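Here's the structure, in structure tokens; my notes come after.
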Amino acid sequence: MPEGFSFCDLRELFAKANEQKSGDQLAGLAARSERERIAAKSKLADLPLAEIVQRPLIDPGEDDVSRLIAESFDETLFRPLQHMTVGEFREFVLDDATPAATLKELKWGITPEMAAAVAKIMSNKDLILAAAKIRNVTRCRNTMGEVGVLGIRVQPNHPADDVGAILLAAFEGLLYGCGDAVIGVNPATDSVETVASILKALNFLIDAYGVPTQSCCLAHISSQLAALEQGAPIDLLFQSVAGTEAANRSFGITLSMLREGRDQVLEHHRRRNVPWKGSSVMYFETGEGSALSADAHHGVDQLTLEARAYGVARAFDPFLVNSVVGFIGPEYLRDERQIIRAGLEDHFMGKLLGLPMGCDVCYTNHASADQNSADNLLFLLAAAGCNYFMGVPCSDDVMLNYQSTSYHDALAARRIYNLRPAPEFLSWLEARGIYRENEPVLLDVPARRRLIGELESSLERFA
Amino acid sequence: MMADSLVADDWPEIVRKIRARTPARLLAGRVGAAYRTGTQMELRRAHAEARDAVRADLDLEKQFGNEFVKRWGLFEVCSEAASKDEYLLQPGLGRTFSEVSRSQLLSLCSAGPDMQIAIGDGLSVTAMSAQVPALLPLLHSGAQRRGWSVGQAFVIRHCRVGILNEIGEILTPAVAVLLIGERPGLATAESLSAYMAYRPVRTHTDADRNLVSNIHVRGVTAPEAAARILDLAAQMMQARFSGTRLMLENARLKKCGVMNLGPPEVNT
């Protein structure tokens with residue numbers, strides 16, 4: 001190694017091996033020079049994976065996410081990796097001799113900390129190449145994640161939860177071939193009544209047109225379950241999750257709440273008359289920096305904590321998982337360069353850990369980024385085989401006050417990379433005359449009127 | 001040209017009605033897989049306004065006018081963040097007053113009022129200058145009608161929500177109200193929030209605060225906001241606490257649109 005940089009423990013080594021992130025600087029964990037950064041990366045590359053297993057970054061005695069990770073770790077599957085260093089593991093992941101199937105078989109032998117470690121010594125291009133190998137397919141009311149498929153979540157939020165406006169925005173998304181991942185609304189008011197009325201309205205839309213997709217209201221898990229008790233239908237149960245017990249506590253959740261919630265929704269699905277394609281019922285969102293912002297980071301860097309959040313997510317067989325990569329603000333990801341890096345890291349780590357990773361490619365107006373930045377990350381992640389993106393009308397989320405990606409962007413990414421919507425959804429689009437030859441049709445006025453006609457009376461009801 | 005267009009006759013009346021009332025950019029049409037030029041320019045213009053609102057520096061005279069500043073005796077204090085960049089990248093600095101500002105507050109404000117109003121730039125100077133001139137007089141007269149003493153208002157440069165705790169410790173009001181510029185969206189850069197707490201102290205978190213957000217012309221108007229803030233203040237004084245507990249014990253509040261504090265996203 002070059003001149004005298006030393007790292008007193010794995011936490012410090014992991015943190016200093018990161019690419020520059022304002023959140024690690026805010027936490028006082030970041031490398032202080034580029035030479036220190038590469039010294040840390042080099043040392044990490046020589047670190048045996050076995051040492052990462054033996055020396056948990058956060059003590060399982062004081063953190064239930066660490067316990068969950070330890071319990072779900074499969075030592076037998078780890079055996080072929082146990083003599084590798086992080087650097088050798090990087091080559092193993094990228095090697096053409098390592099088929100995607102092998103990586104998938106090993107997933108429970110790969111811990112979140114290993115995924116984080118290898119991401120730290122990979123270039124952006126490495127992250128794209130490695131992620132593009134791995135397809136993680138999930139099923140609920142349709143099938144997401146197959147080769148050649150790019151899903152889109154329609155995100156028709158409204159600042160006053162105006163159900164008419166939500167339905168119209170969702171309807172427009174369908175005309176662009178969006179909404180196969182989920183039609184998912186973030187409510188402005190997290191009350192049981194609001195959540196129930198949004199869920200019922202989305203379910204009505206799906207039933208009225210016979211759309212093979214799932215709905216979701218992204219409220220706190222307990223509000224969704226209370227709405228379920230009041231008779232609202234739940235396709236996907238949503239929750240934000242983070243990589244430490246304390247950060248999850250700041251979200252008002254515990255691992256057992258997730259377990260019990262999932263069981264309730266599975267039971268509810270068995271009672272409903274829906275042709276389910278599979279039993280993945282959870283939707284998780286994450287984002288680098290969430291643990292630090294809750295003062296719950298245990299001196300661990302934000303990339304590693306993000307990987308641990310995926311360790312939480314994968315214990316619950318989720319249908320969708322995405323990081324909301326630029327939402328948290330410039331104190332964690334300062335600019336376009338940091339947001340793009342984080343987006344590629346998150347997607348790769350999630351895929352390696354077996355998750356159906358999508359991404360909310362986004363930015364806030366106080367970060368040094370703009371829609372060109374979002375365009376860039378969207379196309380990089382589409383190249384990396386990202387499962388899904390967001391579809392927000394003209395990318396402007398008028399409730400959460402940030403910019404994501406739009407219905408137009410979805411069209412562009414699918415066209416450039418020759419990607420299709422989920423298979424069941426595509427058949428539906430074609431049957432409805434919305435899609436022809438893999439592209440949405442520019443509908444003439446009578447066709448539009450015919451389509452909206454089925455929704456018109458309900459729009460009147462919410463007017 | 002292969003492009004959608006939004007001609008009124010294309011859609012039924014109800015669709016046009018909903019589209020007119022939502023701030024969401026619905027049915028914008030497309031050219032190929034891209035935006036129409038009008039949409040493209042409009043999105044860039046809105047982003048430019050939002051960016052400028054974030055980067056703009058507080059200037060009392062410029063934002064409020066000489067007369068308003070004089071009439072309300074407004075003066076400026078500053079958090080420990082010395083620059084906009086420091087403010088954006090180190091949120092902790094925006095939650096503490098500078099030494100000089102502390103002594104200014106002690107000498108220019110009297111301690112122990114029933115209600116103390118402070119104004120912060122937050123993430124939008126534009127929001128502050130758009131809403132405060134209407135809101136401050138309404139809050140003042142409303143408080144006086146209720147017989148409350150109101151502290152001398154002041155304006156905080158590079159301000160985060162957490163500074164409420166220091167306001168509580170330095171000036172010991174019963175209720176502290178911080179009017180602060182929200183992170184601008186594309187739909188508006190003029191949205192203001194009122195964060196409130198009963199006898200805030202160092203250890204208070206978001207859970208101890210109540211919030212009236214979305215204060216702007218197309219959201220909660222200034223008179224509505226003033227009524228909600230005064231109502232909340234009255235409830236805090238009666239209950240002798242604030243925050244989620246107050247929300248839980250008063251479901252009625254939820255119906256009048258006061259929201260529970262979500263995750264720390266705006267400018268805490």
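In this text, all values refer to a predicted model and were calculated from it rather than measured experimentally. Quick note: numbers below take in every heavy atom, side chains included, and nothing from hydrogens, waters or symmetry partners.
- Judged as a side chain to side chain donor-acceptor pair (under 3.5 Å), and not counting sequence neighbours, B/Glu190 has no contacts.
- Contact annotation for A/Ser250: neither backbone nor side-chain heavy atoms come within less than 4.5 Å of a heavy atom of chain B.
- Remark: A/Glu439 engages A/Arg415 in a side chain to side chain donor-acceptor pair (under 3.5 Å) (not counting sequence neighbours).
- For A/Gln403, the part lying near chain B is the side chain, with the backbone staying farther off; criterion is any non-hydrogen pair under 4.5 Å.
- For A/Ala367, the part lying near chain B is the backbone, with the side chain staying farther off; criterion is any non-hydrogen pair under 4.5 Å.
- Residue contact with chain B, scored on non-hydrogen atoms closer than 4.5 Å, is absent for A/Asp375.
- Cation-pi contact between B/Arg51 and A/Tyr363: absent, since separation from the ring centre below 6.0 Å together with deviation from the ring axis within 45° is not met.
- Using a 4.5 Å cut-off between heavy atoms, A/Tyr332 makes no contact with chain B at all.
- Put simply, the side chain of A/Arg414 gets close to the backbone of A/Leu150: a donor and an acceptor are under 3.5 Å apart.
- Contact check on B/Asp206 versus B/Arg209 returns a salt bridge, with a Lys/Arg side-chain nitrogen under 4.0 Å from an Asp/Glu carboxylate oxygen.
- Using the six-membered ring where Trp is involved, A/Tyr176 and A/Tyr407 have ring planes that are tilted, between 30° and 60° apart.
- Contacts of A/Ser368 with chain B are made by both backbone and side-chain atoms, with heavy-atom separations under 4.5 Å.
- Per-residue heavy-atom pair counts under 4.5 Å with chain A were compared for B/Val15, B/Asn214, B/Thr188, and the maximum is reached by B/Val15.
- Taking A/Ala413, A/Ser406, A/Gly329, A/Pro156 one by one and counting their heavy-atom pairs under 4.5 Å with chain B, the maximum is reached by A/Ser406.
- With a 4.5 angstrom heavy-atom cutoff, A/Asp162 touches chain B only via side-chain atoms.
- Heavy atoms closer than 4.5 Å to chain A are found nowhere in B/Arg55, neither backbone nor side chain.
- Looking at B/Leu89, both its backbone and its side chain come within 4.5 Å of chain A, counting heavy atoms on both sides.
- When heavy atoms are compared at a cutoff of 4.5 Å, A/Leu175 approaches chain B solely by way of its side chain, counted from C-beta outward.
- In this structure, the portion of A/Ala369 lying under 4.5 Å from any heavy atom of chain B is its backbone and not its side chain.
- The choice from A/Asn365, A/Val392, A/Val398, A/Leu455 that makes the most heavy-atom pairs within less than 4.5 Å of chain B is A/Asn365.
- By the 30° and 60° cut-offs, the orientation of the rings of A/Phe171 relative to B/Trp11 is perpendicular.
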